[in-house]
Amino acid sequence: GNSQMGATIVDALDTLYIMGLHDEFREGQEWIDKNLDFSVNSEVSVFEVNIRFIGGLLAAYYLSGQEVFKIKAVQLAGKLLPAFNTPTGIPWAMVNLKSGVGRNWGWASAGSSILAEFGTLHMEFVHLSYLTGDPVYYNKVMHIRKLLQKMDRPNGLYPNYLNPRTGRWGQHHTSVGGLGDSFYEYLLKAWLMSDKMDTEARKMYDDAIEAIEKHLIRKSNGGLTFIGEWKNGHLERKMGHLTCFAGGMFALGADGSRDDKAGHYLQLGAEIAHTCHESYDRTTLKLGPEAFKFDGGVEAVAVRQNEKYYILRPEVIETYWYMWRFTHDPKYRQWGWEATQAIDKYCRVSGGFSGVKDVYSSSPTYDDVQQSFFLAETLKYLYLLFSNDDLLPLDNWVFNTEAHPLPVLHLANTTLSGNPAYR
Ligand code: DMJ
C-alpha cells in the first residue's frame, strides 16, 4: 500500500530476536507500540499484510511473549475480514483498511482472486483463532478449503485464478512459482502445524504434488530437474526464482508422504536445490535471475532482459537451509556461503542492501529497493543455515511463507474454538 506502515520493522522483528539483537528488537517493539496504526485510508494486499504483518507480529509474540504484538495482530486481522465479503467467501486481493471495500487486481484473469493469495492465510488465521478463542478466522480459511475441495481440477491441477463472484476457475494456468507457490506450501504446513492431525490438508497436498510431478516436473537435456509452468495444456519450460522454494517444501513433506516415498521426495528436493544453485552459478554475479529457461539449448539461464534481475529474494537459500537440516550435506552450507558473499559484494550499499537489475552484467545497476523479505527471510535463513539444529527445531516450529516461525499446536487435550478438526 501507499501508507507509512513500517513493513520492514515488523517483518524484521523476529530475525532480530533470533539473532539475539535484543536492543534493536526493543526499539522495534517501541515503534510498533507507539506508531503502528491500521486506521489508515489505504488499500493493501490482503496476502502481503497477512504474511508480513500478521505473520511477523504473531512470531514476535510467540518468541518474546510481549502482548503488544498479539494485540496488534488481532486488530489488523479484524481490518482484513471485510475482504471475505464476496458471494463465495473467496477473499478479494485488496482491501481498503478504512472503508473495508475490497477489489481484485486489474491484471488477473477474468476478475479472479489469486490461488497463492487466498490460499496463503491458513496458518496465521488458525493461530488467530487459537489465541483469541474466536472461531471467525478459522471459519474463513476452512470455508476456502472446503470450496476448493469441491471443485473439479483440470488434470488434477489447481489453476492460479478463481473468480470470487462465480466460484469458477479463470485461465487454466498452474504454477509452483508466482501466483501458485505458497498455496501448496500452506497445505503441507497446515498439517505440520496441527501436529499432523489435519490429515485433510496432508491429503490435498499429496494429491496436488502428485499432479504437479506428473505434468510440471521434467529433466532437461543436461540432466537438470526443473518445475515448469502449465498454460492451457502446454508446459512452459521456464522456472522462476520463486519456484525454488519447492526444493525445501519437498524435503519438508518427505516424512509422512504417501506410499512411504520419503526417499523420493528428499531426492527431488536435492535435485531442485541443485538446479537452483546452477541458476546462480551460471551468472556473472553468482546471484540467481528472476526466471530461467530450459529450452532451445539454454539450461538454467535467463533469456529475456526483464528476467535477469535479483531482488534479494530468499527461496534458493530457504531450500539450502531445509536441505541442510534434513541431510547435513556440507555442500548446502558452501552454496549458502557463496550466495552470502555475492550479496555482500554486489548488493551492499551505503544505506543497506539493494536489488540488482542484471545478474549477468559485471557492472550491475541497483534497483534502489531493499525488500522487507530480505531481513525477514533471506538473512534469517542464512543465519539458520549456519546455526545448530536446536535453534527453532522443525518438530516444534513451522515457518510461514515469509519465514516467520509459528509454534506447532499440540491440541490433543484442548480445543481450537470448538472446531472438531482440532479436538
Ligand atoms: C515473500 O514475500 C514470500 O516468500 C512469498 O511467499 C513469495 N515471495 C516473497 C519473497 O520472494
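Remark: aromatic rings of Tyr322 and Tyr265 are distant, center separation not under 6.0 Å. Aromatic pair Tyr205/Tyr184: ring centres not closer than 6.0 Å.
Checking side-chain atoms of Asn104 against main-chain N and O of Ser112 turns up a donor-acceptor pair under 3.5 Å. Although no hydrogens or angles enter the test, the distance criterion places a donor-acceptor pair under 3.5 Å between the side chain of Asn163 and the main chain of Ala110. Side chain of Thr275 to backbone of Thr225: a donor-acceptor contact under 3.5 angstrom is found. A donor-acceptor distance shorter than 3.5 angstrom exists from the side chain of Thr86 to the backbone of Ile90, with no hydrogens or angles considered. Checking side-chain atoms of Thr132 against main-chain N and O of Leu128 turns up a donor-acceptor pair under 3.5 Å. No donor-acceptor distance shorter than 3.5 angstrom exists from the side chain of Ser129 to the backbone of Gly133, with no hydrogens or angles considered. The main-chain N or O of Val136 is found under 3.5 Å from a side-chain atom of Asp134 such that the two form a donor-acceptor pair. Looking only at distances, a side-chain donor or acceptor of Thr174 sits under 3.5 Å from a matching main-chain atom of Tyr158. His127 contributes no side-chain N or O that, together with a main-chain N or O of Gly55, makes up a donor-acceptor pair within less than 3.5 Å. With hydrogens and angles ignored, the 3.5 Å screen pairs a side-chain donor or acceptor of Asp358 with a backbone N or O of Tyr360.
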> side chain to side chain donor-acceptor pair (under 3.5 Å) between Gln29 and His22: does it pass, once the steps are laid out?
Replying inline: CA-CA 10 Å; Gln29 178 176 342; His22 295 298; over 6 Å; no
>> For Phe84 and His143: C-alpha separation, side-chain torsions, deciding distance, then whether ring-ring contact (aromatic ring centres under 6.0 Å, His included) applies.
In response: CA-CA 10 Å; Phe84 292 80; His143 178 81; 9.2 Å; no
> Does the side chain to side chain contact (heavy atoms under 4.5 Å, CB included) test come out yes or no for Phe226 and Arg218, once each step is laid out?
Replying inline: CA-CA 6 Å; Phe226 68 93; Arg218 296 285 180 271; 3.7 Å; yes
>> Could you go through Phe25 and Phe69, starting from their C-alpha distance and side-chain angles, then the distance that decides it, and tell me whether this counts as ring-ring contact (aromatic ring centres under 6.0 Å, His included)?
In response: CA-CA 12 Å; Phe25 180 85; Phe69 300 126; 5.7 Å; yes
> Can Trp92 and Glu117 be said to form a side chain to side chain donor-acceptor pair (under 3.5 Å), step by step?
Replying inline: CA-CA 9 Å; Trp92 300 115; Glu117 298 197 329; over 6 Å; no
> When you look at Met151 and Leu162, which way does the side chain to side chain contact (heavy atoms under 4.5 Å, CB included) test go after all the steps?
Replying inline: CA-CA 11 Å; Met151 294 188 62; Leu162 180 60; 3.6 Å; yes
>> With side chain to side chain donor-acceptor pair (under 3.5 Å) as the criterion, how do His173 and Asn160 come out once you've worked through the C-alpha distance, each side chain's angles and the decisive distance to 0.1 Å?
In response: CA-CA 6 Å; His173 292 184; Asn160 292 334; 5.4 Å; no
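Screening residues 310-323 for salt bridge (charged side-chain N to carboxylate O under 4.0 Å, His left out) gives Glu290-Arg313 as the qualifying pairs, with residues at least two apart or on separate chains. Applying the salt bridge (charged side-chain N to carboxylate O under 4.0 Å, His left out) definition to pairs two or more places apart or across chains, those involving residues 56-72 are Glu67-Lys70. Residue pairs that meet the disulfide bond (SG atoms under 2.5 Å apart) test with at least one member in residues 269-385, sequence neighbours left out, are Cys244-Cys276. Within the structure, every pair that satisfies the ring pair (Phe, Tyr, Trp, His ring centres under 6.0 Å) test and touches residues 333-354, not counting sequence neighbours, is listed here: His277-Trp335, Tyr320-Trp335, Tyr332-Trp335, Phe353-Phe374. Pairs passing the salt bridge (charged side-chain N to carboxylate O under 4.0 Å, His left out) check and including a residue from residues 392-406, sequence neighbours excluded, read Arg52-Glu402. Residue pairs that meet the salt bridge (charged side-chain N to carboxylate O under 4.0 Å, His left out) test with at least one member in residues 241-255, sequence neighbours left out, are Lys196-Asp255. Pairs engaging residues 381-402 under the ring pair (Phe, Tyr, Trp, His ring centres under 6.0 Å) rule: Trp321-Tyr381, Trp321-Phe399 [sequence neighbours left out]. Residue pairs satisfying the ring pair (Phe, Tyr, Trp, His ring centres under 6.0 Å) criterion with at least one member in residues 227-261, sequence neighbours excluded, are listed as follows: His215-Trp230, His241-Tyr280, His241-Tyr310.
Shortest non-hydrogen contact noted between His172 and Pro159 is CD2-CG, 4.0 Å. Of all heavy-atom pairs between Thr319 and Ala246, the closest is OG1-N, 4.3 Å.
Under the salt bridge (Lys or Arg N to Asp or Glu O under 4.0 Å) criterion, Arg26 pairs with Asp23, sequence neighbours left out. Residues passing the side-chain hydrogen bond (donor to acceptor under 3.5 Å, both in side chains) test with Asp14 are Lys380, His404, sequence neighbours excluded. In terms of the salt bridge (Lys or Arg N to Asp or Glu O under 4.0 Å) criterion, Lys214 has no residue partners (sequence neighbours excluded). When the salt bridge (Lys or Arg N to Asp or Glu O under 4.0 Å) test is applied to Arg348, the partners found at least two apart in sequence or on another chain are Asp344.
Taking CG of Leu148 as the reference point, atom CG of Leu115 lies at 7.0 Å (rounded to 0.5 Å). The CG atom of Leu385 lies 8.5 Å from the CD1 atom of Ile317; values are rounded to the nearest 0.5 Å. Distance check: Asn400 CG to Thr120 OG1 gives 9.5 Å after rounding to the nearest 0.5 Å. Taking OG1 of Thr284 as the reference point, atom NZ of Lys308 lies at 9.5 Å (rounded to 0.5 Å). The distance from atom CG of Asp329 to atom CD of Gln334, rounded to the nearest 0.5 Å, is 9.5 Å. Note that OG1 of Thr401 and CZ of Phe183 are 13.0 Å apart. Values are rounded to the nearest 0.5 Å.
Annotation: Gln171, atom CD; neighbour count of heavy atoms from other residues, nucleotides and ligands within 6.0 Å is above 12.
Remark: Glu307 engages Lys238 in a salt bridge, criterion side-chain N to carboxylate O under 4.0 Å. Ion pair Lys286/Glu338 not flagged as a salt bridge, since none of the NZ, NE, NH1 or NH2 atoms sits closer than 4.0 Å to an Asp/Glu carboxylate oxygen. The pair Glu271-Lys219 counts as a salt bridge, with a side-chain nitrogen and a carboxylate oxygen less than 4.0 angstrom apart. Note on Arg258 versus Glu210: salt bridge recorded, some NZ/NE/NH1/NH2 to OD/OE distance being below 4.0 Å. The existence of a salt bridge linking Arg202 and Asp198 is excluded, since no basic side-chain nitrogen approaches an acidic carboxylate oxygen closer than 4.0 Å.
For the pair Leu224 and Glu278, the minimum side-chain heavy-atom distance is below 4.5 Å. Counting heavy atoms from C-beta on, the side chains of Glu200 and Met142 come closer than 4.5 Å. Under the 4.5 Å side-chain criterion, counting only non-hydrogen atoms from C-beta, Lys189 is not in contact with His122.
Taking the ring axis of Phe294 as reference, the NZ or CZ atom of Arg237 does not stay both within 45° of it and closer than 6.0 Å to the ring centre.
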